Amino acid sequence: MLKILKYSFKDLMRSRWSYVYFLFYLLLGFVLLFLNNDLSKAVITLMNIIVVLVPLISTIFGIMYYYNSREFIELLLAQPLKRTSIFLGLYLGVAGSLTLSLFLGLGLPFALYGLFKSGDILNFSLLIITGSFLTFIFNGLAFNIAISNENRIKGFGYAVLLWLFMAVIYDGLFLLTLIVFEEYPLDTFSLVATVLNPIDLSRILILLELDISALLGYTGANFKAFFGTRLGITSALLMLMFWLLIPLWTSIKQAKRKDF
Amino acid sequence: MIRTEKHSIYIFLVTLLLTAPQCLAQIIEVCAECEVKNIQQGVALAEDRDTLLIKKGEYQEFNILVDKPISIIGEDFPVIDGQEKGEIFRIVSDNVRIQGLIIVNVGVSYTTDHAAIRVVRSSNFNIENNRFENLFFGIFLERSSKGVIKGNRIMGIARDEYNSGNGVHLWYSNNISVSDNRIEGVRDGIYLEFSDTIRIHGNESRRNLRYGLHFMFSNDNQYTNNLFENNGAGVAVMFSKRIRMTGNRFRKNWGPASYGMLLKEINDAEINDNLFEENTVGINIEGSNRIIYKGNQFVRNGWAVKVLGACYTNRFMANDFLYNSFDLSYNSNINDNIFEGNYWSNYSGYDLDKDGIGDVPHRPVKLFSYIVNRTPETLILLRSLFMDLIDFSERVSPVFTPDNLVDAKPKMRVVQ
């Protein structure tokens, strides 16, 4: 497994797309910090971008990589190797390289603008952590889709739809439900609805850390009580962990049963 | 030469004669080893215009009635300990000065408002450079006028609203100057009711249980260069006319029911050059008309300005709206207020003719703020992509937000 991981990681590191991704974040970080020198302000803006873009890029990239290395996978399958280690290796290679690009691309400009001397290092690391989680989660989901769809066009379609659903449609439905049932107490509902979508979960987690919690008023009191504590943050991260492990587990299960 | 010299001697003599009665005013020293052992005794002994000089030490006294025009001046901050038995000074005479004392342990009562210094129906008083600790009410003015409250430090340890009092409390009092005081940890920092033509200047009101500044039915007052920070519910001003607020700072009033400033039924006021920073709501406006907001800065608030209704012909000019979650929120789609020449940090227009004014009008009300007003729970969708999308579509063709609510001349650069 480690060899496959190393191979796919190196392969990706050499590929153009990793550089593009890395350069994109580098540019983004520098431009943001150039436009306003305020680190905490830049962290908020970055959050908006990360929460939307990281899932999109991870999904597309994951599915692309799988389809592209189709022949390589078939070659590996002919060898006396465990299927679990083949797919896990590939998965970790893609997700790892994307995370590295994200980490370096954003870390460099922030470090140069004096991140380590400011009090924003916690917020920034939370941002990176949620960004990495999102990368891993959506890569897993992409692998799921890719393995179960031989047809590439269909696979891409599902992947884009998945992102669209998580990033946009889900919130729309959420909003509609909140408005339709505004007469009822909605605290528990909104808590559950947030937890069920990794993008929303990451967004709320970062929002609460950035001290916007009071803005949320009475609704927020509930959230603050849940996420604001150490227990809350831990359980939110645990939830993200679940989101990471379940797609991974199903994709490996699928890969084991699949007739290539 | 000689004549003029004679002249000046006459003048000197006449002056001496005129000022003579004043020279007769005595200084009575009060200390543990002195003839006069306590303040009550001193006040009883004193004639009009005398000065009581309180030496350093601790005096366990309460219910001191000051009924003649005298000065009570502390040397090296003597401590007056009320032992939580009741009120400490009650001034019922004009021309009284209290200066340089430390007044501690005012009694808490549920039936009477005990104060460290209470001024009743008096004028021309001076309360300067005192310190108050462990108090119920600090300085309580009742139907008094023409006084000065300056440079006092009021440090309370209030925990509950029902058994705490206000730092500086004015009731039916006129022409008072309240300046350079520091007030912390009481219920309301500065409280005014039925008090007109008051000047509140350079005070710092922090960490109070309820409001930093609270006034009602108080007209023609001026509030300049004060700092209101970290108060439980910020600042609330209600039912007053012709007030002027300039150069104040309203900061860090965070909480579900906390406001930088809450305006209710305020008419014909001027609110200029203030700073509203990191409040849940910068200004909450309700039923307030003909107010001019000019040159204010709204920085990183949840809502910079929240307009609740019945607000007509207000003008917002040359203000800076910087990085607020919501710049402006309306709960209806009717607008009679004017927004012109403000700077909006989330303005997305351009300036082709380079005159510093954006070519595209700015719509400060987002659809999302309208939705949040209707269903507060939806706030958890803040900063989600879906919200940005519907905000964008609303900006292009307004349906729910007032369509005449635009800043036609948004500034391209920060005004201040």
Side-chain angles (χ1 to χ4, degrees), chain A residues 36 38 40-41 44-45 47-49 51-53 55-56 163-164 166-191 193-194 197 199-204 206-208 210-224 227, chain B residues 230-234 251-260 277-282 284 299-304 306 322-327 329 345-346 348 366-394 400 414:
Chain A
N36 54 355
D38 191 355
S40 60
K41 200 60 220 165
I44 293 183
T45 319
M47 182 211 83
N48 282 339
I49 295 165
V51 156
V52 173
L53 271 191
L56 177 67
W163 172 78
L164 204 63
M166 289 296 199
V168 184
I169 300 170
Y170 188 87
D171 287 348
L173 293 175
F174 191 1
L175 176 71
L176 268 181
T177 327
L178 285 177
I179 291 177
V180 170
F181 295 104
E182 63 184 349
E183 319 267 285
Y184 300 91
L186 291 166
D187 295 348
T188 328
F189 166 75
S190 35
L191 202 65
T194 318
N197 182 344
I199 296 185
D200 274 350
L201 189 59
S202 331
R203 184 172 51 83
I204 291 288
I206 299 173
L207 273 188
L208 285 175
L210 294 176
D211 200 36
I212 299 189
S213 47
L215 175 66
L216 298 171
Y218 288 119
T219 346
N222 203 5
F223 273 82
K224 185 79 181 166
F227 289 124
Chain B
N230 248 322
N231 296 298
R251 300 185 68 231
K252 295 193 174 169
N253 299 297
W254 270 120
S258 190
Y259 307 96
E277 193 178 24
E278 291 176 44
N279 305 293
T280 303
V281 179
N284 189 77
V299 187
R300 285 196 291 276
N301 300 289
W303 284 265
K306 205 170 184 177
L322 303 169
Y323 322 118
N324 304 294
S325 295
F326 301 100
D327 284 336
S329 133
S345 62
N346 60 357
S348 52
K366 291 182 188 169
L367 175 61
F368 185 31
S369 74
Y370 171 80
I371 295 172
V372 168
N373 264 331
R374 248 192 71 175
T375 321
E377 284 86 359
T378 54
L379 195 60
I380 51 166
L381 293 170
L382 181 73
R383 290 180 201 283
S384 72
L385 182 62
F386 181 75
M387 280 306 166
D388 292 346
L389 287 177
I390 63 167
D391 274 343
F392 177 73
S393 62
E394 173 76 8
F400 298 100
V414 178

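No experiment lies behind these values; they were computed from the predicted model shown.
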Checklist entry - Picking from A:Asp171, A:Asp200, A:Ile179, which has the most non-hydrogen pairs under 4.5 angstrom with chain B? => result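 Greatest number of close heavy-atom pairs with chain B: A:Asp171.
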Checklist entry - Quick one: side chain to side chain contact (heavy atoms under 4.5 Å, CB included) partners of A:Phe189, sequence neighbours excluded? => result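 A:Phe189: side chain to side chain contact (heavy atoms under 4.5 Å, CB included) contacts with A:Phe174, A:Thr177, A:Leu178, A:Leu186, A:Ala193.
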Item to check | Non-neighbouring partners of A:Val52 that pass side chain to side chain contact (heavy atoms under 4.5 Å, CB included), sequence neighbours left out | outcome: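 A:Trp163, B:Leu385.
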Checklist entry - Just how far is it from atom CZ of B:Phe386 to atom CD1 of A:Ile199, taken to the nearest 0.5 Å? => result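 Going from CZ on B:Phe386 over to CD1 on A:Ile199, the span is 14.0 Å.
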Checklist entry - Roughly how far apart are B:Ile371 CD1 and A:Leu175 CG, rounded to 0.5 Å? => result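 Here the rounded value is 5.0 Å.
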Item to check | Which portion of B:Arg300 sits near chain A, non-hydrogen atoms under 4.5 angstrom | outcome: side chain
Next on the checklist: Applying side-chain contact (heavy atoms from CB on, under 4.5 Å) to A:Arg203 and B:Leu381, what does each step give before you reach the verdict?
Outcome noted: CA-CA 9 Å; A:Arg203 184 172 51 83; B:Leu381 293 170; 3.8 Å; yes
Next on the checklist: The test is side-chain contact (heavy atoms from CB on, under 4.5 Å); show your working for B:Thr378 and A:Glu182 and say whether it passes.
Outcome noted: CA-CA 9 Å; B:Thr378 54; A:Glu182 63 184 349; over 6 Å; no
Item to check | Which of B:Asn279, B:Leu389, B:Ile390, B:Thr375 touches chain A most, by non-hydrogen pairs under 4.5 Å | outcome: B:Thr375
